[in-house]
Every structure is written in structure tokens, then in C-alpha cells.
Amino acid sequence: MHKQRMALMLAAAAGIVASFLPWASVMGISVNGTAGAGWISLVLFAVIAIMSLLGNRTMALKGGLMIAAIIAAVLVIILGIWQIMDIKKEGGGFVEIGFGLYIVVAAGAGCLLLPFVIKGGESSNAA
């Protein structure tokens with residue numbers, strides 16, 4: 001598998017796990033992402049993971065697969081930032097943002113940047 005695709009898979013896996021982690025806490029009681037919009041981030045990260053598995057896995061992601069992964073990454077970043085802003089606005093200072101939400105945004109940013117940072121032709125590893 002090409003190193004770009006492997007890196008995308010790892011970032012998407014981190015995002016999938018983060019979708020189940022705490023996104024907010026109120027007086028010590030945590031609320032996981034899957035209690036709300038975390039299901040959307042889970043689906044978007046799954047799309048990214050699937051895109052990295054389709055096509056010739058020894059080559060870097062390109063074309064429609066790359067565009068689909070980038071669109072999903074942008075959407076998950078927007079979702080994460082929107083959730084952070086909403087928690088800050090609606091929480092009235094009583095709600096803290098959970099670490100899972102920050103990981104979702106970071107994993108989304110990784111999925112957005114990795115196709116541009118890790119390029120190249122065919123993988124030197126045997127598949």
C-alpha cells in the first residue's frame with residue numbers, strides 16, 4: 001500500500017475512534033460524539049478510509065478518489081469547528097469541550113493535508 005494511502009487510513013482511523021470519545025462535558029459528565037453529530041463525522045471518516053482502499057493501492061491517491069476524500073475531510077473539519085463554536089455559544093461557560101472533538105478536527109485536517117504532503121508514484125513496498 002502506498003504510504004500516502006496508509007497515512008490517510010491512519011488519520012481516518014483516529015477520526016473514527018475520536019467520534020466515540022467525549023466531545024463535551026458538563027460538571028464532569030462526558031457526552032460522547034455519537035450522542036449527536038459524531039455519527040456524521042464517523043461516516044465522513046469511513047468515506048475517507050474507503051477512498052484510500054479503492055483503486056490501485058500501490059499508487060498515490062488521485063482523481064475522483066482524492067477529490068472525494070478531500071471533500072469528506074473539509075466537511076468533517078467544518079462539522080468539528082461548528083460543534084466547538086456551538087458548545088462555546090450554548091454552554092454558557094458550564095460546558096467544556098472534550099478532547100475527542102479536538103482530535104476529530106485534527107484528524108480531519110490531517111486527512112485534508114496528507115494527499116498534498118505525501119505524493120509520489122508507485123510504492124516501493126511490495127503489496
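All residue numbers in this chain count up from 1 along the given sequence.
Of the residues Ile77, Ile71, Leu79, the one that meets the side-chain contact (heavy atoms from CB on, under 4.5 Å) test with Leu75 is Ile71.
Side-chain contact between Phe116 and Met66: present, with at least one pair of heavy atoms (C-beta onward) separated by less than 4.5 Å.
At distances below 3.5 Å, not a single donor-acceptor pair connects side-chain atoms of Trp23 with backbone N or O atoms of Ile84. Glu96 places no side-chain N or O within donor-acceptor distance of the main-chain N or O of Ser25, the cut-off being under 3.5 Å. Within the 3.5 Å criterion, the main-chain N or O of Leu54 finds a donor-acceptor partner in the side chain of Arg5.
To the nearest 0.5 Å, the span separating NZ on Lys89 from CG on Asp86 amounts to 7.0 Å. The CE atom of Met9 lies 7.5 Å from the CD1 atom of Ile16; values are rounded to the nearest 0.5 Å. With values rounded to the nearest 0.5 angstrom, Met1 atom CE is found 14.5 Å from Met59 atom CE. Going from atom CG of Leu61 over to atom CD1 of Ile118 covers 11.5 Å, rounded to the nearest 0.5 Å. Once rounded to the nearest 0.5 Å, the distance linking OG of Ser52 with NE2 of His2 reads 12.5 Å. One distance of note links CG of Leu113 with CG of Leu8; it measures 10.5 Å at 0.5 Å rounding.
Linking Ile, Leu, Val, Met, Phe, Trp and Tyr residues whenever their side-chain heavy atoms come within less than 4.5 Å places Ile48 and Ile40 in a single cluster. Grouping the Ile, Leu, Val, Met, Phe, Trp and Tyr side chains by contacts below 4.5 angstrom, directly or via other members, places Leu21 apart from Val95. Linking Ile, Leu, Val, Met, Phe, Trp and Tyr residues whenever their side-chain heavy atoms come within less than 4.5 Å leaves Val104 and Phe99 in two separate clusters. Taken together through direct or relayed side-chain contacts under 4.5 Å among Ile, Leu, Val, Met, Phe, Trp and Tyr, Ile103 and Val43 form parts of separate hydrophobic clusters. Note on Ile50: it does not cluster hydrophobically with Leu10, by side-chain heavy-atom contacts below 4.5 Å among ILVMFWY residues.
Annotation for Cys111 and Ala11: closest pair SG-CB, 3.6 Å, computed over non-hydrogen atoms. Listed here is the closest heavy atom pair of Gly100 and Ala18: O-CB, 3.5 Å. Considering every non-hydrogen atom in both Gly108 and Val76, the closest pair reads CA-CG1, 3.6 Å. In terms of heavy-atom proximity, Pro115 sits nearest to Leu112 at CD-O, 3.5 Å. The shortest non-hydrogen separation linking Val47 to Ala72 is CG1-CB, 4.1 Å. Between Lys3 and Lys119, the shortest heavy-atom contact is CE-O, 4.4 Å.
Looking only at atom types and distance, the side chain of Ser19 has a donor-acceptor partner in the side chain of Ser41 under 3.5 Å away. For the 3.5 Å distance criterion, the side chains of Asn32 and Thr34 fail to qualify, holding no donor opposite an acceptor.
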Does the side-chain contact (heavy atoms from CB on, under 4.5 Å) test come out yes or no for Lys88 and Ile97, once each step is laid out?
-> CA-CA 8 Å; Lys88 286 184 178 182; Ile97 298 167; 3.6 Å; yes
